[in-house]
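No hydrogens, no waters, no symmetry mates; every other heavy atom, side chains included, goes into these values. Please read these numbers as outputs of a predicted model, since none were measured by experiment.
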There are 2 protein chains.
Amino acid sequence: MDIDRELKKRQLKVTPQRQAILKVLSQSDAFINAQNLYTKVLEVLPGTNFSTVYRNLDTLVSKDLLCRISRENGGDLYKIRSEEGHHHHVICKGCGATIVIEFCPMDTIREKLEDVGFVPTDHRFEIYGYCKKCKDKSMGNI
Amino acid sequence: MDIDRELKKRQLKVTPQRQAILKVLSQSDAFINAQNLYTKVLEVLPGTNFSTVYRNLDTLVSKDLLCRISRENGGDLYKIRSEEGHHHHVICKGCGATIVIEFCPMDTIREKLEDVGFVPTDHRFEIYGYCKKCKDKSMGNI
DNA sequence: CCTCCAATTGCAACTTATTTGCATTTGCAT
DNA sequence: ATGCAAATGCAAATAAGTTGCAATTGGAGG
């Protein structure tokens, strides 16, 4: 991933902080929370402020550079948006690894909603569980 | 809904606070957040402590008396679990009203996950938008 | 290369949502 | 009526994220 290019494409300034954040995120496609990300960013660019990280997570999500999901009783999680277009995720609760799925349940249900006059604006579909590697382990570090 | 009966069935003590919480929740099937619920509970049972409300929300969700969803950048929302068994929700962003749908996308995707050795433990599927009534209004009070 | 200015950052204080420890009270089984 | 685990109230603590503002800086244009 050409970080500088992706930032410029979206008219965002190329700052060391953004480079650090995207560098960390691009090194894995697992979901990570803001605090853990912040810790890792500090290793790449010591002195970075956490509000800068939070602000940029918002910015980068809104510019479609990151995917964000939120869980019950847990903070939001982020990862690099490597796929183009609409998709959903299968997320391993052991290692955080993700599988992207193209299947979208809205395709099945949209028409039924129209029948009752409901206009969908957005939706969530996420699957949690354990990947092949993490099966039989109970790490729970997500 | 027979509140006392449902509590006893789950070996939970019947307290005025729980009765108040469930009374408020059972009067509507819209999702509501903990703070708003707390305010309404105070009208029914003044003096109730907010930590009691929070603790009971957790308890009641774990005992399958309530449904909980969480949104990006917002707290969790709760409603009475009126349907038996597994189901998903369509939620109006205008008035909070919900439609229960029996359709579950896992039926479609489960087999494909098995093929790659992924063991799903739980999933989320929620649809947000505007119901017939709230269309053309931009209330955004959810 | 230099200048300028809006965008970005650092800092610290604040907010919001929720949780926890502990003493007190209470539902309910016996 | 009694005993005790469960539940509550209170206050303080925590976690996660946000905000105002002054200082800094990326990068477009000269």
Worksheet entry | Student check: side-chain heavy atoms of A:Gln35 and A:Phe50 closer than 4.5 Å | no
note: A:Arg55, atom CZ; C:dA12, atom P; distance rounded to Å ~ 14 Å
note: A:Gln11, atom CD; C:dA7, atom P; distance rounded to Å ~ 11 Å
Can the ring centroids of B:His123 and A:His88 be said to lie less than 6.0 angstrom from one another?
no
Any strand, both distances under 3.5 Å, Watson-Crick or G-U wobble: C:dA29 pairs with D:dT2
**Prompt:** Among side-chain atoms of B:Gln17 and B:Asn56, is any donor-acceptor pair under 3.5 angstrom?
**Reply:** no
Rounded to whole Å, CZ of A:Phe50 lies from C1' of C:dT9 at a distance of 13 Å
Please state whether the phosphate of C:dT19, meaning OP1 or OP2, lies under 4.0 angstrom from any side-chain nitrogen or oxygen of B:Tyr54. no
Next item on the list: Go through the side-chain N and O atoms of A:Ser70 and A:Arg124 and say whether any donor and acceptor fall under 3.5 Å apart.
Entry: yes
When rounded to whole Å, the CD to P distance for the pair A:Gln17 and C:dG10 reads 4 Å
B:Lys13 NZ to C:dC28 P, in whole Å, measures 7 Å
note: A:Leu12, atom CG; C:dT9, atom P; distance rounded to Å ~ 10 Å
Within the pair B:Thr15 and D:dT8, is there a side-chain N or O less than 4.0 Å away from OP1 or OP2? yes
Margin query: Under 4.0 Å, counting only non-hydrogen atoms across every strand here, what does B:Asn56 touch: a base, just sugar-phosphate, or nothing?
Written below: sugar-phosphate
When B:Pro16 and B:Ser51 are each assigned the nearest nucleotide of DNA chain C, the 5'-most assignment goes to B:Ser51
A:Arg18 CZ to C:dA7 P, in whole Å, measures 11 Å
A:Asp4 atom CG is separated from D:dG26 atom P, nearest whole Å, by 12 Å
